[in-house]
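Please find one structure pasted underneath; my questions will follow.
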Amino acid sequence: MQVPVKPKLKIATTSLAGCFGCHMSFLDIDERLFDLIELAEFDRSPFTDIKHCGPCDIGLIEGGLCNAENVHVLREFRANCKTLVAVGACAINGGLPAQRNHLSIATVLTEIYHTQHGLVGGFIPNDPELPLPLNQVHPIHEVVKIDYFIPGCPPSGEAIWKVLTDLIAGREPDLSHGLMQFD
Ligand code: SF4
């Protein structure tokens, strides 16, 4: 009799207004990636270059919301992922990109495109293909429900691994003191 093969979990990841540092941290799990791909497969992710998120068990989001496309991608993840995890300071509270929040978007764009040397033409790009910037950078929990948060800039690979393996095993994720970081 053939033993039924347990289907692999599906994981998706994306970077919104982030620097990919949290994804670099994810890769710090090193050879445990081989253990991970025994248990799960990646859907949309910079690791796969798949462009849209299909139905998934776990979604990991790096980065906050600085433009309309970020909001669209976040909603796509929420609609498709059973469990959504905010990874890193930018996703949780806006992080470094939110430093612009004390300035108006008009001031930011004018300052960059009208006063910086070396920018061709010195005009503010307005191609309709470009995503519209939001007036302020927002943390992702302001737009969709987030199930778990992994703090840090970036969180360590150990912390990401702990949360992932807890979720895969069906446990409530539990970051001990040493894995919680806020810088
Ligand atoms: Fe980069 Fe830090 Fe933001 Fe992660 S939390 S995307 S490492 S700036």
Side-chain angles (χ1 to χ4, degrees), residues 11-33 36 40 42-53 56-78 80-81 83-103 105 107-109 111-112 116 130-168 173-183:
I11 298 174
T13 79
T14 193
S15 179
L16 304 176
C19 74
F20 283 93
C22 291
H23 275 82
M24 292 297 106
S25 221
F26 191 145
L27 294 178
D28 283 342
I29 67 174
D30 296 326
E31 70 275 6
R32 285 170 292 183
L33 272 171
L36 184 58
F42 283 97
D43 192 88
R44 175 180 173 152
S45 170
F47 305 146
T48 60
D49 208 25
I50 295 171
K51 303 296 185 197
H52 288 284
C53 180
C56 283
D57 297 286
I58 303 167
L60 302 174
I61 308 274
E62 165 197 296
L65 303 163
C66 78
N67 64 39
E69 189 201 18
N70 295 155
V71 176
H72 173 79
V73 172
L74 178 62
R75 288 193 194 283
E76 184 188 59
F77 265 67
R78 180 68 279 180
N80 282 287
C81 299
T83 301
L84 206 54
V85 184
V87 183
C90 296
I92 293 172
N93 60 29
L96 200 57
Q99 293 291 309
R100 76 158 162 91
N101 284 358
H102 64 284
L103 300 169
I105 189 68
T107 303
V108 171
L109 293 173
E111 189 70 23
I112 293 169
Q116 295 294 312
L130 293 173
L132 280 176
L134 303 179
N135 286 339
Q136 296 215 309
V137 177
H138 295 268
I140 61 176
H141 69 84
E142 288 186 4
V143 172
V144 299
K145 177 180 180 289
I146 302 298
D147 301 296
Y148 298 103
F149 299 83
I150 312 178
C153 180
S156 65
E158 292 299 324
I160 295 170
W161 175 248
K162 177 70 168 59
V163 169
L164 262 184
T165 48
D166 281 347
L167 288 173
I168 289 170
D174 178 26
L175 285 181
S176 59
H177 181 67
L179 295 178
M180 277 281 193
Q181 62 185 80
F182 297 96
D183 57 355

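Just follow the structure's listing: the first ligand is 1, and inside any ligand the first atom is 1.
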Sequence neighbours excluded, the answer for salt bridge (Lys or Arg N to Asp or Glu O under 4.0 Å) partners of Arg32 is Glu158
query: Under a 4.5 Å cut-off applied to non-hydrogen side-chain atoms, are Pro155 and Val87 in contact?
result: yes
If we number the atoms of ligand 1 from 1 as shown, the ones under 4.0 Å from a heavy atom of Glu62 are 6 (S)
Per side-chain contact (heavy atoms from CB on, under 4.5 Å), Ser45 is matched among Ile11, Leu60, Ile50, Thr13 by Thr13
Can you give me every donor-acceptor pair (side chain of residues 135-144, partner residue at least two apart or in another chain, under 3.5 Å) with its distance?
unit_1, atom_1, unit_2, atom_2, d
Gln136, NE2, Asn101, O, 2.7
His138, ND1, Glu142, OE1, 2.8

Closest heavy-atom pair, Pro46 versus Thr14, reported as atoms and distance to 0.1 Å, is CD-CA, 4.4 Å
By salt bridge (Lys or Arg N to Asp or Glu O under 4.0 Å), Asp49 pairs with (sequence neighbours left out) Lys51
So the protein N/O/S atoms within less than 2.8 Å of atom 2 (Fe) of ligand 1 come down to Cys153 SG
